[in-house]
Amino acid sequence: MVLDTRKFRLHLKTETFGREFHLFERVDSTNRVGMELLRAGAPEGTTVLAEEQTGGRGSSGRTWQSSPGGVYLSVILRPELLVAEVFQLTILAALGVVQALGQASGAPIKIKWPNDLVVVDGERLAKVGGILTETRIQGESVVGAVVGVGVNWENLVPESGACLQTFSRHPLDLALIAASVLGGLEDSYTLWRECGISPIVTGYERHCIHLGQPLQVAGHDGPGRIIGIDHCGALRVLFLDSTEAVVAPNQLQLGYVL
Ligand code: BTN
């Protein structure tokens, strides 16, 4: 399945995201190319798209299976942000993408903290997409970032994955999915720039599957309850004795069993 650039341009409703784009039939990683373009001075919104990746990067150093039939894209951002707040980019991206894909496909897509896009499939959560943010840092500041999004549409997927096509109410194509994702990303990024992280957190929590779930945290007696995320993307857990703990994204991995 190919990404039709004429259709892509037609569907794209953004101001800047995707207006300048580089499309590859096959590339190692759109994030790798994005980081190179970032270093070379490419403007915010520059987008890298691929129909297939041979070295797709996933979170925690994993690989992202990227056979033809999926959407693989990366966008260059030049935010004003402290390193300590860098996870805000992933949070806002997850919100933008889940809203856009939900609207385009009609599928009940949710966010599995911190950066997975999932659908409930019987007794399990099936991963239909993921987000990987990579950054350039100078001192305490993030001076540039590449937000990468992978969407499983009709490509081969690993065991924990599923194709969004199976759950979609509409017959989408790769061009429309890519344009929608970029629209969602731009909307969310604009909201973040204009209003800060608070409305992003509220939106993210609305789409997050974990709210209200019990969670055992080391150093606490008995499980607490997940009540949301904080401004750095950490899970907030409330215990019976009214104390609260935060669990950072790199401290915990939640499973796919419901
Ligand atoms: C995850 O592990 O959930 C994050 C996956 C992110 C994959 C996307 S595909 C487009 C972009 N290029 C990459 O190499 N990775 C991201």
Side-chain angles (χ1 to χ4, degrees), residues 57-64 81-102 107-135 147-152 157-162 164 167 184 188 191-192 196-258:
R57 300 175 182 171
S59 46
S60 309
R62 285 186 289 264
T63 54
W64 183 256
L81 191 66
L82 293 172
V83 172
E85 302 163 331
V86 70
F87 216 75
Q88 291 187 3
L89 297 177
T90 302
I91 295 298
L92 76 87
L95 174 61
V97 177
V98 85
Q99 285 177 329
L101 286 179
I109 307 174
K110 306 291 270 180
I111 300 170
K112 174 179 174 286
W113 181 82
N115 62 321
D116 291 349
L117 308 170
V118 295
V119 288
V120 176
D121 184 19
E123 296 285 286
R124 70 163 193 148
L125 291 171
K127 182 161 171 169
V128 293
I131 289 152
L132 176 68
T133 305
E134 299 187 57
T135 48
V147 171
V149 181
V151 181
N152 297 325
V157 292
E159 214 183 319
S160 58
L164 179 58
F167 304 91
S188 200
L191 177 66
W192 176 75
I197 191 67
S198 292
I200 301 290
V201 165
T202 308
Y204 183 101
E205 289 175 346
R206 239 191 6 254
H207 291 90
C208 179
I209 50 166
H210 306 297
L211 257 70
Q213 285 181 354
L215 186 71
Q216 191 78 47
V217 178
H220 289 263
D221 294 336
R225 238 162 237 295
I226 297 171
I227 55 166
I229 58 164
D230 73 5
H231 284 191
C232 293
L235 271 187
R236 292 174 56 209
V237 186
L238 180 67
F239 297 91
L240 275 179
D241 61 4
S242 300
T243 58
E244 213 181 295
V246 287
V247 184
N250 57 359
Q251 286 180 309
L252 174 75
Q253 265 202 320
L254 299 169
Y256 283 88
V257 181
L258 278 171

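Scope of the values below: all heavy atoms of this structure, side chains included, with no hydrogens, waters or symmetry mates. Along the sequence shown, the residues carry numbers beginning at 1.
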### Query
Closest heavy-atom contact between H231 and Q88?
O-NE2, 3.0 Å
### Task
Start with the C-alpha gap between T243 and L238, add the side-chain angles, then the distance that decides, and say whether side chain to side chain contact (heavy atoms under 4.5 Å, CB included) holds.
CA-CA 6 Å; T243 58; L238 180 67; over 6 Å; no
### Task
Starting at CD1 of I111, measure out to OG1 of T90 and round the result to the nearest 0.5 Å.
11.0 Å
### Query
Under the 3.5 angstrom rule, does the side chain of E205 hit a backbone N or O of T202 as a donor-acceptor pair?
no
### Query
So do V151 and L101 actually touch side chain to side chain, heavy atoms under 4.5 Å?
yes
### Task
For the pair R236 and D230, find out whether any cationic side-chain nitrogen is under 4.0 Å from an anionic carboxylate oxygen.
no
### Summary
V201 and I229 have their tightest heavy-atom pair at CG1-O, 3.6 Å
### Query
Does the N115 side chain pair with the main chain of I131, one donor and one acceptor, at a distance under 3.5 Å?
yes
### Query
Pick from P249, S59, C208: which one makes a side chain to side chain contact (heavy atoms under 4.5 Å, CB included) with P114?
P249
#### Entry: Value rounded to 0.5 Å, distance of OG in S60 from CD in Q253
5.0 Å
#### Entry: Nearest non-hydrogen partners of V217 and A245, listed with the distance
CG1-CB, 4.4 Å
### Message
Is any side-chain heavy atom of V128 closer than 4.5 Å to one of D116?
### Response
no
### Task
Dump the intermediate steps for side chain to side chain contact (heavy atoms under 4.5 Å, CB included) on L252 and L235, then the final yes or no.
CA-CA 10 Å; L252 174 75; L235 271 187; 4.3 Å; yes
### Task
Would you check if the side chain of R225 reaches a backbone N or O of G212 as a donor-acceptor pair within less than 3.5 Å?
yes
### Task
Taking all non-hydrogen atoms of both residues into account, name the closest pair between A93 and V147 and its distance.
CB-CG1, 3.7 Å
### Query
How long is the gap from CG on L211 to NZ on K110, to the nearest 0.5 Å?
9.5 Å
## Note on the structure
d(L215 CG, W113 CH2) to nearest 0.5 Å is 8.5 Å
### Task
Could you tell me whether the side chain of R57 reaches within less than 4.5 Å of the side chain of E134, counting heavy atoms only?
yes
### Message
Whether the side chain of K112 engages the backbone of L125 through a donor-acceptor N/O pair (distance < 3.5 Å, no angle test) should be reported.
### Response
no
### Query
Is it true that atom CD of Q216 has more than 12 heavy atoms of other residues, nucleotides or ligands lying nearer than 6.0 Å?
yes
### Task
Return the minimal non-hydrogen interatomic distance between P108 and V119, and the atom names on each side.
O-CG1, 3.9 Å
### Query
Does a side-chain heavy-atom distance below 4.5 Å link V157 with K127?
no
### Query
Judged by atom type as modelled, is there a donor-acceptor pair below 3.5 Å linking the side chain of N152 to the main-chain atoms of G161?
no
## Note on the structure
To the nearest 0.5 Å, atom OG of S188 lies from atom CG of L89 at 10.0 Å
### Query
Just wondering, more than 12 heavy atoms not from L240 lying within 6.0 Å of its CG?
no
### Query
Checking side chain to side chain contact (heavy atoms under 4.5 Å, CB included) for the pair F167/D121: CA distance, chi angles, key distance, verdict?
CA-CA 9 Å; F167 304 91; D121 184 19; 4.0 Å; yes
### Message
For V86 versus L81, what's the shortest heavy-atom pair and its separation?
### Response
CA-CD2, 3.7 Å
### Query
Crowded around D241 CG? As in, over 12 foreign heavy atoms under 6.0 Å?
yes
### Query
Taking the side chain from Q99 and the backbone from G96, do they hold a donor-acceptor pair closer than 3.5 Å?
no
### Query
What distance separates Y204 OH from I197 CD1, expressed to the nearest 0.5 Å?
10.5 Å
